[in-house]
Amino acid sequence: MHARAVAATTAALLGTAALLLPAPAAGAGVRAERPTVIAHRGASSYAPENTLAAVDKAAELGVEWVENDVQRTKDGELVVIHDDNLKRTTDAEEVFPGRSPWKVKDFTAAEIARLDAGSWFGPEFAGARVPTLQQFLDRTESHRQKLLLEIKNPALYPGIEQQTLKVLGDEGWLDASHLAGRLIVQSFSADSVRAVHDLLPTVKTGFLGTPSVADLSRYAAFADQINPSYTTVSPGYVSSVHAFDGPHGGPLEVFTWTVNDADTARQVAGYGVDGIITNSPDVVRDAFPAV
């Protein structure tokens with residue numbers, strides 16, 4: 001733990017007090033440096049989430065960072081989809097009417113590849129597919145984008161951490177240039193984040209959630225980021241997180257989610273967050289002066 005952690009308790013008390021006060025006016029206390037903007041599931045306000053079209057839209061908007069969700073099929077393929085079932089974002093109920101509850105883990109990669117993952121969003125996206133992780137990596141690489149990869153529901157997929165790292169390695173995402181600033185692996189599961197760190201300590205990692213300040217030192221042993229919902233952050237909490245150094249020696253970072261309007265973006269930027277995860281990356285980016 002870095003010496004800055006001496007200030008953590010005071011900052012935590014300030015954070016508690018801040019949560020009891022009215023939110024500051026939009027733009028109040030905004031830091032000069034624009035937070036990193038991360039396109040949530042791609043530019044998912046403008047294209048179907050977690051599809052290659054959403055990656056392309058983020059690139060069209062000039063957004064470097066893309067976030068995605070990784071799960072595993074029945075036959076062991078890693079695919080990019082948020083929900084643990086296929087109902088909301090594909091036509092699985094129509095294509096496979098007798099396969100309720102349409103869990104990702106109960107379908108083969110070939111079956112999932114048949115599904116339309118775009119029509120639910122808009123007719124212009126009819127025929128979009130659920131991409132494999134390999135396809136998603138290839139597309140982000142083609143745009144020279146950076147990736148915030150979430151391991152989703154790891155308890156359903158034993159060993160998914162090692163498998164994810166293998167695919168990343170096979171696709172060239174574990175070389176020095178990617179590890180130096182183009183890849184972060186995160187999860188809501190502390191055990192999963194710890195597993196990634198233990199398997200390959202050079203990979204930057206993030207924990208999704210809002211651990212208590214008292215627990216931050218434990219998370220700092222295996223996570224470089226603490227990534228909470230914007231509804232749970234305060235200036236004091238962000239300061240408390242920044243007071244600890246992560247496993248790679250730098251201060252813990254805060255990427256907050258999911259912020260889709262300019263006023264809230266400016267508010268959380270004023271708290272000192274390092275990144276903002278958003279469905280509307282152009283809206284969040286344009287909330288700040290060009291730098």
Side-chain angles (χ1 to χ4, degrees), residues 4 11 14-15 18 23-47 49 54-68 140 143-150 177-186 204-210 223-246 248-291:
R4 289 187 306 274
L14 291 173
V30 175
R31 66 192 213 169
E33 183 181 350
R34 176 194 292 166
T36 298
V37 177
I38 305 99
H40 186 231
R41 309 177 197 171
S44 53
S45 282
Y46 310 110
E49 63 183 60
V55 174
D56 292 342
K57 185 62 179 179
E60 179 186 325
L61 294 171
V63 177
E64 287 189 319
W65 278 93
V66 174
E67 185 263 1
N68 72 348
T140 53
H143 295 305
R144 297 298 298 170
Q145 288 165 305
K146 304 173 183 181
L147 181 61
L148 177 60
L149 183 155
E150 179 182 345
S177 64
H178 288 80
L179 293 176
R182 291 187 58 198
L183 175 67
I184 303 167
V185 178
Q186 64 175 358
K204 188 173 181 178
T205 54
F207 173 73
L208 282 158
T210 314
D224 298 280
Q225 296 183 337
I226 301 296
N227 297 342
S229 166
Y230 81 91
T231 62
T232 67
V233 296
S234 67
Y237 187 77
V238 174
S239 294
S240 294
V241 173
H242 286 163
F244 291 85
D245 282 345
H248 292 103
L252 290 183
E253 297 174 340
V254 177
F255 281 11
T256 193
W257 47 273
T258 305
V259 175
N260 296 320
D261 65 275
D263 286 348
T264 304
R266 286 189 286 263
Q267 179 174 312
V268 297
Y271 295 171
V273 301
D274 303 282
I276 298 176
I277 301 169
T278 173
N279 299 334
S280 304
D282 55 331
V283 173
V284 170
R285 179 195 60 208
D286 294 347
F288 305 99
V291 292

Applying side-chain hydrogen bond (donor to acceptor under 3.5 Å, both in side chains) to Gln145 and not counting sequence neighbours gives none

In short, Ala39 meets Pro281 closest at the heavy-atom pair CB-CG, 4.0 Å

Notebook entry, point to check: Can you tell if the side chain of Leu208 reaches within under 4.5 Å of the side chain of Trp257, non-hydrogen atoms only?
Noted result: yes

For this session: Kindly say whether Pro289 contributes a backbone atom to a donor-acceptor pair with the side chain of Arg34 at under 3.5 angstrom?
Result: yes

Only residue of Val233, Asn227, Leu252 satisfying side-chain contact (heavy atoms from CB on, under 4.5 Å) with Val241 is Leu252

Close side-chain approach of Tyr46 to Asp282, heavy-atom, < 4.5 Å
yes

Closest non-hydrogen contact found for Ser229 with Thr210 is N-OG1, 4.4 Å

Residues passing the side-chain hydrogen bond (donor to acceptor under 3.5 Å, both in side chains) test with Ser44, sequence neighbours excluded, are Asn279

Checking the side chain of Thr205 only, and the main-chain atoms of Val185 only, is there a donor and an acceptor separated by less than 3.5 Å? no

Contacts of Asp261 meeting salt bridge (Lys or Arg N to Asp or Glu O under 4.0 Å) (sequence neighbours excluded), chain-then-number -> none

In short, Trp65 meets Leu183 closest at the heavy-atom pair CH2-N, 4.1 Å

Between side-chain atoms of residues 56-63 and protein atoms elsewhere (two or more places apart, or another chain), which donor-acceptor pairs fall under 3.5 Å?
unit_1: Asp56; atom_1: OD1; unit_2: Arg139; atom_2: NH1; d: 3.1
unit_1: Asp56; atom_1: OD1; unit_2: His143; atom_2: NE2; d: 2.8
unit_1: Asp56; atom_1: OD2; unit_2: Arg139; atom_2: NH1; d: 2.7
unit_1: Lys57; atom_1: NZ; unit_2: Glu60; atom_2: OE2; d: 3.1

Scanning both residues in full, the closest heavy-atom pair of Ile276 with Ala265 reads CD1-O, 3.7 Å

Across all chains, not counting sequence neighbours, the ring-ring contact (aromatic ring centres under 6.0 Å, His included) partners of Phe207 are Tyr219

Does the side chain of Ile226 come within less than 4.5 Å of Tyr237's, by heavy atoms? yes

CG of Leu179 to NE2 of His248, rounded to nearest 0.5 Å, is 8.0 Å

query = Hey, are the side chains of Thr278 and Val283 touching, using non-hydrogen atoms and a 4.5 Å cut-off?
reply = no

Rounded to the nearest 0.5 angstrom, the NZ-NE2 distance for Lys146 and His178 is 11.0 Å

Between the CD atom in Glu150 and the NE2 atom in His40, the distance rounded to the nearest 0.5 Å is 7.5 Å

Residues passing the side-chain hydrogen bond (donor to acceptor under 3.5 Å, both in side chains) test with Thr258, sequence neighbours excluded, are none

CD1 of Ile38 to CG of Asp274, rounded to nearest 0.5 Å, is 9.5 Å

Under 3.5 Å donor-acceptor, Thr36 side chain and Gly275 backbone
no

Tested for side-chain contact (heavy atoms from CB on, under 4.5 Å) against Lys204, the lone hit among Gln186, Arg182, Gln225 is Gln225

Of all heavy-atom pairs linking Phe255 and Ile184, the shortest is CE2-CD1, 4.0 Å

